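First up is the structure itself, then whatever we jot down about it.
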Amino acid sequence: MPEDSTAPLGTTVQIDNRPQVDRVAIRLIERPLRDHEYAQLVGAQPGSKVTVTVSMEPPEPPNEVIEIITTHPAIVGEQHRFLDRDLDGNAYIQNALFHKNRKTAAPLFGLDVFEAQVHAAQSLGFKYIYVRATGRFGDREDDGYFVWPLYGFNRSLSDRERAMLPERLRSARSCSCCWVGLSGGPRTVPPTMSCSI
């Protein structure tokens, strides 16, 4: 039986420089990951192409992390995910880029991706998923700024961030309090949220 037999139907997984990827995986979760586990950790749906590589991320000095890039007809461009450990030694996933193709994606495609990702992350010992969101809130293409808090992502807002909010929301203390009250018009948003799993 092929190693990736439990990956979603029609999903291909390509590992660039497997010895280097395995070495970083051992640092993260104390063992190499199998091809299908990489697909599961990004919530790959049937027909996905998953590429796994090692990249360098800050802080100083730069840190080797596993980068997983996924393409699928229901995703605009590429989906990017990073696997790393925080300063306390907790393995986590950073969700850095995901834009659903509104013309080809099923209505719950994003939720299906996230649900599959959470199940895999829990079973493999990852402690949380971190979202790095950038852009302008209120843009129709950036509805994730509304969706992510509904999935449980949240964090406290600094005084500086609260000062950038519309007057009616400046008393909000967290991202989720803020998103529920916002409607219309682009606004700068706090850039990061995390969710324990």
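Sequence positions, counted from 1, serve as the residue numbers for this chain. These numbers come from a predicted model, not from an experiment.
If you chain together ILVMFWY residues whose side-chain heavy atoms come under 4.5 Å of each other, Phe82 ends up grouped with Val65.
The aromatic rings of Tyr128 and Tyr92 sit parallel, their planes meeting at an angle under 30°, below the 60° perpendicular limit.
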Which atom pairs, one a donor and one an acceptor, fall under 3.5 Å between side chains of residues 38-52 and the rest of the protein, sequence neighbours left out?
from  : atom 1 : to    : atom 2 : distance (Å)
Gln45 : NE2    : Gly43 : O      : 2.9
Ser48 : OG     : Gln45 : N      : 3.1
Ser48 : OG     : Gln45 : O      : 2.7

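One hydrophobic cluster, built from ILVMFWY side chains closer than 4.5 Å, holds both Phe114 and Ile68.
For Asn90, the side-chain hydrogen bond (donor to acceptor under 3.5 Å, both in side chains) test picks out Asp86, with sequence neighbours left out. For Glu37, the salt bridge (Lys or Arg N to Asp or Glu O under 4.0 Å) partners at least two apart in sequence or on another chain are Arg31, Arg34. With sequence neighbours excluded, the residues that form a side-chain hydrogen bond (donor to acceptor under 3.5 Å, both in side chains) with Arg23 are Glu64. Among residues two or more places apart in sequence or in another chain, the side-chain hydrogen bond (donor to acceptor under 3.5 Å, both in side chains) test is passed with Asp88 by none.
None of Ile93, Leu83, Leu28, Leu33 except one satisfies the side chain to side chain contact (heavy atoms under 4.5 Å, CB included) rule with Leu124; the exception is Leu33.
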**Prompt:** Are Leu108 and Glu115 close enough, and set up right, to give a side chain to side chain contact (heavy atoms under 4.5 Å, CB included), and what steps lead you there?
**Reply:** CA-CA 10 Å; Leu108 296 178; Glu115 180 181 25; over 6 Å; no
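Note that CD of Gln122 is 8.0 Å distant from CD1 of Ile129, once rounded to the nearest 0.5 Å. Asp35 CG to Thr11 OG1: the interatomic distance, rounded to the nearest 0.5 Å, is 11.5 Å. Note that the CD1 atom of Ile75 and the NZ atom of Lys100 stand 11.5 Å from one another [nearest 0.5 Å]. Of the inter-residue distances, the one linking Gln20 atom CD with Thr53 atom OG1 reads 6.5 Å to the nearest 0.5 angstrom. How far OG1 of Thr70 is from NE2 of His80: 9.0 Å, rounded to the nearest 0.5 Å. Remark: Ile29 CD1 to Ile66 CD1 distance equals 8.0 Å, nearest 0.5 Å.
Between the Ser55 side chain and the Glu67 main chain, no donor and acceptor come within less than 3.5 Å of each other.
The heavy-atom pair separating Ala91 from Gly125 by the smallest distance is CB-O, 4.4 Å.
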